[in-house]
Structure formats: structure tokens, C-alpha cells
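Have a look at the structure below, then the notes.
No hydrogens, no waters, no symmetry mates; every other heavy atom, side chains included, goes into these values.
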Amino acid sequence: MTILLDFLGCKVNSYEVEAVGEVFLKNGFTFFDINKDKEPTVIIVNTCAVTQTSVTKDKKVIKRYRKLYPNSVLVVMGCYAQFAYDNIRENLGADIVLGTSNREKIFDLVSEYLKNHKKISLHDDNNSIKTYDNLSLTNTYLTTRAYVKIQDGCNNFCSYCLIPYIRGRSRSRKAEDILLEIKNLISNGVKEVILTGIDMSSYGLDLDDGVSFSDLIEQILIHNPDLYRLRISSLEESQLDDKFINLLKTYKQLANHLHIPLQSGSRKIVNLMNRKYNIDEFISKIAKIREVRPDISITTDVIVGFPGETEEDFLESYNICKKINFSKIHVFPYSSREGTVAAKLKNQVDPITKKERVSRLLTLSNDLEEEYISKFIGQKIEFLFEEYNIETKTYSGHSSNYLSCAIDSDENLENKVKEVIFSKENYRYF
């Protein structure tokens, strides 16, 4: 019996589908091989619903798998499935549909379906989802780097976002379970662990053990001295407390790269977005980080064209990004989502203006990225090499500050650390 795994959207979705897949592998399944297997026994698709474009992609992927493999058991889960389960089951051909909970039950649900071939829809209202799904990884097909999910759900209710309504409220994973998973991954050869979650800023608030996000980071570093690198996929300004900054100062294992979403540098727009931070405090915390890590790479997300954003608001955001001196800006044009507060706001920005502002901010991002990268040209930098590209015949990997390079080598560099003289010839944009 074989299984095919696919996901759309974020790294959390990647982790979830891989963790579900591991349950099947432990029960005798193997990965589907298109070169030798006619059809997978089971297909699992983890969906995304962060934008309308994401939903369109979800539908296309589900339809494609149903058409290609009509006899496979098609399982659809995730954010889109949370609110469109009827449509997915009745019109898109899925056999088993469940949303953003109960994923630890998928193997049993598939076993049930294989016996009676009756469609299954397992759906919980997001307000009733109170506990963290019991999913974990002991191994990963990403043999060098592994994502570890520490939390699910969100309490922030940013005015442009549906996630709290789809994923439910924040649920934290117990620290001991996280530590055990990381220990198992390291014992299986993983050298870099990337922590991920939906709203890691709320980690620990629902637990009784008093462990905060910074406490968790400290425990991971203390209990895993053999871990080569600990990276954090994304974190909010609220997580940048004094303890976290001291951990950056103390532990070289903690990656020299942080992704901290700004979303807007306009004070007015930040308030309309219901983002819970003060721009001046945001800038101040970045400055504190750079006091202990002067060469750190700090990247961010910015939404352009939010309802009510004037040219002056955009320029305020643009200038804040320039002042903070991010090493890269991920720029997103605002996408209206039915059911959010922002969709009802007046003064929606027209598409042409959005496109023009996106272009200007991307130009700034490219300039900042070039400026950051240029600082390291000619320096010896330690890279963890992750994979071999058979077409280019090069090994590629990342440094602690998320520089990416690709080099030729007669030595097998996969999952190995090597010092490289960083140059324009071997770097790849990150």
C-alpha cells in the first residue's frame, strides 16, 4: 500500500501532512513512486485558505488528484476543508474530509473507509477545538532540516485574517513532547530544527506549567547541546523579550536570522489591521537585537494596499522599512477575504495603485537584500549543505544568517557543514 502527500500554503501545513504520513509509514505503507506504482492507495492533501488565490489552488489540486487517481482514497484536511467540507466532499470528489483538528485519527478513518467505502466528514466547530492535535515526527524526508510544530490556532484576530475563525483559538504543545520530538530527530541525523506554529507569540498562555516561548527556546538549547542549529520560522514583536535577546547573545546555535512580520509601518494602518504592537517599540526591539547580533539577518512581511492606505501611509511604511534596514521584505498586495473586518472597511485601494506600491517596495527589498549580501562577499562562512542538484551538479545549503549558496564538490556534502568563501558566483538569493 502506498501514500501520496501534498500540501498548499505554510510550513505548518507541510509539517502536519508529514506527521500524518509518518503514521501510515509506521503501519506498513510506503511512499507512492510515480515511476513504478500505478495509483497511490491513499492521497492526503493539506489545504490553505489564507487568500482567495489559495482557495482556487486548493480546488485545482483536489480536482487534479481525483481525475488522475480515481481509485485512490482521497483525504482532504486543513484550513479550506474547515469551512468548505460539504463542497469538497460532494463536488470535488474527496472521500474523507476533516478540518483543522482530528488529524491524528486519519489512519483509522482511512482503515474504516477501505472496509466499507462510505464517505466520511469529520468536522469540529473551531470554538470547540481546545486541545493540541497529538501529532509528532521521529524522522523526516528532509534529512538535514526538520520543522517542529509547537502550537496551533490564533488569538490575535488581525482584521484582514480568517485564521482564528478557521484554526480556532491558540493551543500550545507541551514542552516535554516538543523536546522528545527534537531529540528523536537529532538521533536520526537532523542538524537543523525550525520551530513553527500559527501564532507562536501565544505559546504557553493556555498551559499550566508556566513555560513561555523564551523558556521553551532555552529548554531546547540546554537539553540539546548536539543540535547544530535552531531556527525560528517567524515570530512576533511580542516574543522579543529580554530573555529571548539574552539567548541570542548566549547561544550560537540559535540561528542568526529572524523573520518578524511588520505588515505595515504606518501607525494608522497598524491600528486598522488590529496589529497589537507599537511601531516605536518594534524599532527599539530590533535595535536591541542588533546590539547582541550586529550582522543578523532580519526579514519581514508587509501588506500593501490595505483599505484606507493613502500615499502618505504607504510612504510612512516604506520609510520605516528602510530605517529598520531589513535584509528582505516579503511584499503582499492586500487581498480581501469575506468574513473579515477589513473586507467591510471603506476606501478599498484600487488594484493599479496596489500594484504600483508593491513594485516600489519590492525594489527597496531588492536593494536592501543586495546591500546585506554584499557585506559577506569574500568572507569564510559556515554552511550546512542540504541537497544535491543533479542537473547543476552542485550542493546547496544555508548559513546561520540564511545566506544560500551552491558549490561544486567531489565530496558528498549532504547534511554536512563546510566553510565556504562566499562569493557572487556561488550565492543564491534566499
Side-chain angles (χ1 to χ4, degrees), residues 1-9 12-49 54-55 57-139 141 149 152-153 166-168 171:
M1 293 187 291
T2 60
I3 185 168
L4 189 159
L5 306 175
D6 200 355
F7 77 97
L8 297 96
V12 172
N13 279 7
S14 171
Y15 172 90
E16 289 169 349
V17 78
E18 193 179 352
V20 169
E22 184 171 287
V23 178
F24 283 80
L25 297 180
K26 287 178 178 178
N27 282 276
F29 279 69
T30 58
F31 282 122
F32 172 69
D33 185 342
I34 195 170
N35 295 314
K36 68 177 184 178
D37 299 320
K38 185 178 179 182
E39 280 193 279
T41 311
V42 179
I43 302 168
I44 299 177
V45 181
N46 201 10
T47 58
C48 176
S54 303
V55 170
K57 290 179 180 178
D58 292 329
K59 293 177 182 177
K60 287 182 179 178
V61 169
I62 296 166
K63 287 178 180 178
R64 177 166 57 86
Y65 280 130
R66 184 73 294 165
K67 184 177 180 180
L68 282 173
Y69 306 116
N71 299 309
S72 299
V73 181
L74 179 55
V75 181
V76 179
M77 65 181 193
C79 291
Y80 175 53
Q82 177 69 19
F83 67 85
Y85 53 95
D86 282 338
N87 182 53
I88 293 170
R89 183 185 63 239
E90 301 302 329
N91 300 321
L92 300 183
D95 299 307
I96 300 172
V97 185
L98 63 163
T100 56
S101 61
N102 297 307
R103 285 160 293 203
E104 75 276 12
K105 299 177 183 177
I106 288 182
F107 179 79
D108 292 334
L109 295 176
V110 168
S111 299
E112 179 184 337
Y113 181 86
L114 287 171
K115 290 177 183 177
N116 58 34
H117 294 279
K118 291 183 179 179
K119 288 195 173 189
I120 300 170
S121 179
L122 194 59
H123 175 264
D124 287 340
D125 179 86
N126 66 65
N127 290 316
S128 69
I129 304 172
K130 303 294 184 183
T131 58
Y132 183 90
D133 266 6
N134 187 27
L135 291 174
S136 64
L137 281 175
T138 54
N139 209 339
Y141 61 85
K149 183 180 169 187
D152 204 342
I166 297 171
R167 287 258 180 184
R171 290 97 65 199

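Across every non-hydrogen atom of I44 and I3, the tightest pair is CD1-CD1, 3.7 Å. Nearest heavy-atom pair, R103 versus V20, reported as atom, atom and distance to 0.1 Å: O-CG2, 3.9 Å. Closest approach of Y80 and T47 over heavy atoms only: N-OG1, 3.2 Å. Nearest heavy atom pair, residue F31 against residue L5, reads CE2-CD1, 3.7 Å. The two residues D6 and V17 come nearest to each other via the heavy atoms O-CG2, 3.6 Å. In terms of heavy atoms, R167 sits closest to C79 at NE-SG, 3.3 Å.
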Quiz item: Which is it for L122 and V97 under the side-chain contact (heavy atoms from CB on, under 4.5 Å) test, yes or no, and what are the steps along the way?
Solution: CA-CA 6 Å; L122 194 59; V97 185; over 6 Å; no

Quiz prompt | Residues R66, I62; criterion side-chain contact (heavy atoms from CB on, under 4.5 Å); working and verdict | solution = CA-CA 6 Å; R66 184 73 294 165; I62 296 166; 5.6 Å; no

Practice problem: Kindly indicate, with the supporting measurements, whether the criterion side-chain contact (heavy atoms from CB on, under 4.5 Å) is fulfilled by M1 and T30. | Solution: CA-CA 6 Å; M1 293 187 291; T30 58; over 6 Å; no

Self-check item: side-chain contact (heavy atoms from CB on, under 4.5 Å) between I43 and V73, intermediate numbers included
Solution: CA-CA 6 Å; I43 302 168; V73 181; over 6 Å; no

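Remark: side-chain polar atoms of T100 are paired, donor with acceptor, to backbone N or O of I166 under 3.5 angstrom. Under a 3.5 Å cut-off, the side chain of K149 and the backbone N or O of Y15 do not form any donor-acceptor pair. Without hydrogens or angle criteria, N116 side chain to K118 main chain gives a donor-acceptor distance under 3.5 Å. At distances below 3.5 Å, at least one donor-acceptor pair connects side-chain atoms of N13 with backbone N or O atoms of L8.
A salt bridge between K38 and D33 is absent, with no side-chain N of the basic residue lying under 4.0 Å from a carboxylate O of the acidic one. Look at K63 and D58 and you find no salt bridge, because none of the NZ, NE, NH1 or NH2 atoms lies under 4.0 Å from a carboxylate O.
The distance from atom CG of L4 to atom OH of Y69, rounded to the nearest 0.5 Å, is 6.5 Å. Atoms OH and CG, on Y65 and L74 in that order, are 9.5 Å from each other to the nearest 0.5 Å. Between D86 atom CG and N91 atom CG the span is 9.0 Å, to the nearest 0.5 Å. Distance check, rounded to the nearest 0.5 Å: CD1 of I88 to CG of L98 gives 10.0 Å. One finds the CD1 atom of I106 at 9.5 Å from the CD atom of E16 (value rounded to the nearest 0.5 Å). To the nearest 0.5 Å, the span separating OG on S72 from CZ on F32 amounts to 7.5 Å.
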